[in-house]
J.: 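After the structure tokens below, expect a handful of questions from me.
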Amino acid sequence: MRLRADIYVSALVRRVFSAGGFAAVEKKGAEEAGAIFIRQRFRDGLETLYAPAPQSFFDEESSGGDRLFEIRLERAEPDKVREMLDRERKFDPDLWIVELEADEVSALVPMAG
């Protein structure tokens, strides 16, 4: 059973703060099963966008309870990240957007592959 999106986001925000970073929920989505997108902001003004990984990254033994992310845009201009998120919102209005200001997120965000 997969952890509800609102609980996952709340735990992610707490982990970021406990690691010395900053996190905020830019857009709340469906509490039970909304897709979660993560914007990592850097000091130079660029951003990395993490998106839910496709189902093909999950193995057959996985219970489906894990959330995995992939990098959709890496160190891109904020306008490009915003454009991609706007397109995603048109497709799925129940998505979550979480902003992070942390130097390293690999320990906080489970990556696919």
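This is a predicted model, so every value here is computed, not measured.
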J.: Between M111 and L68, is there a side-chain heavy-atom distance shorter than 4.5 Å?
T.: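 SC-SC contact between L68 and M111 ruled out.
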J.: Can I71 be reached from L73 by stepping across I, L, V, M, F, W or Y side chains whose heavy atoms are under 4.5 Å apart?
T.: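 L73 and I71: separate clusters.
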J.: Report whether L95 and I38 are members of the same hydrophobic cluster (ILVMFWY, side-chain heavy atoms less than 4.5 Å apart, transitive linking).
T.: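 No; I38 is not reachable from L95 via cluster members.
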J.: Quick one: does W96's side chain get under 4.5 Å of V25's, heavy atoms only?
T.: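 They are in contact (side-chain heavy atoms under 4.5 Å apart), so the answer is yes.
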J.: Is there side-chain contact between L49 and L85, with at least one heavy-atom pair below 4.5 Å?
T.: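 Heavy-atom side-chain distance check passes, below 4.5 Å.
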J.: Do the side chains of K28 and D6 get close enough for a salt bridge, i.e. N-O under 4.0 angstrom?
T.: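 No, K28 and D6 are not salt-bridged.
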J.: Does any N or O in the side chain of T48 come within less than 3.5 Å of the main-chain N or O of Q40, such that one atom is a donor and the other an acceptor?
T.: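 Flag not set: sc T48 to bb Q40 has no pair under 3.5 Å.
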J.: Which heavy atom of I36 sits nearest to which heavy atom of F69, and what is that distance?
T.: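 What the structure gives for the nearest pair is O-CE2, 3.2 Å.
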J.: When you check the gap from the basic side-chain N to the acidic O, do E99 and R41 get nearer than 4.0 Å?
T.: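 The answer is yes: the pair qualifies as a salt bridge.
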J.: Any idea which heavy atoms bring L108 and P110 closest together, and the distance?
T.: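 Closest approach of L108 to P110, heavy atoms only: O-CD, 3.8 Å.
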J.: Mind listing the closest non-hydrogen atom pair of A5 and A30 along with its distance?
T.: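 That closest heavy-atom pairing would be CB-O, 3.7 Å.
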J.: For the residue pair R39 and I97, establish whether any side-chain heavy-atom pair is separated by less than 4.5 Å.
T.: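 When only atoms from C-beta onward are counted, I97 and R39 do touch, with a gap below 4.5 Å.
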J.: Side-chain heavy atoms nearer than 4.5 Å, only ILVMFWY residues, links allowed to pass through others: does that put L100 and F42 together?
T.: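 Cluster IDs for L100 and F42 differ.
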J.: Counting only N and O atoms by type, is there a donor-acceptor contact under 3.5 Å from the side chain of R67 to the main-chain atoms of L3?
T.: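 Judged by distance alone, yes, a pair lies under 3.5 Å.
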J.: How long is the span from the CD atom in E47 to the CD atom in E74, to the nearest 0.5 Å?
T.: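 It is 13.0 Å, given to the nearest 0.5 Å.
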J.: Drop me the distance from R87's CZ to R82's CZ, to the nearest 0.5 angstrom.
T.: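 Here the rounded value is 12.0 Å.
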J.: Would you say CZ of R14 has more than 12 non-hydrogen atoms from neighbouring residues, nucleotides or ligands within 6.0 angstrom?
T.: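 12 or below, so no.
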J.: Would a distance-only check, ignoring hydrogens and angles, find a side-chain to backbone donor-acceptor pair under 3.5 Å from S10 to I7?
T.: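 No: the side chain of S10 does not pair with the backbone of I7.
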J.: Does this structure show an ion pair linking E70 with R72, if we count only N-O contacts that are shorter than 4.0 Å?
T.: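 Yes, E70 and R72 are salt-bridged.
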J.: Is it the case that more than 12 heavy atoms not belonging to K27 sit under 6.0 Å from its NZ atom?
T.: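 Enclosed.
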J.: Are V105 and Y8 in one and the same hydrophobic cluster, where Ile, Leu, Val, Met, Phe, Trp and Tyr link if side-chain heavy atoms are under 4.5 Å apart?
T.: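 Yes, V105 connects to Y8 through the hydrophobic network.
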J.: Below 6.0 angstrom between ring centroids: does that apply to F37 and Y50?
T.: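 No, they do not, as the ring centres are separated by 6.0 Å or more.
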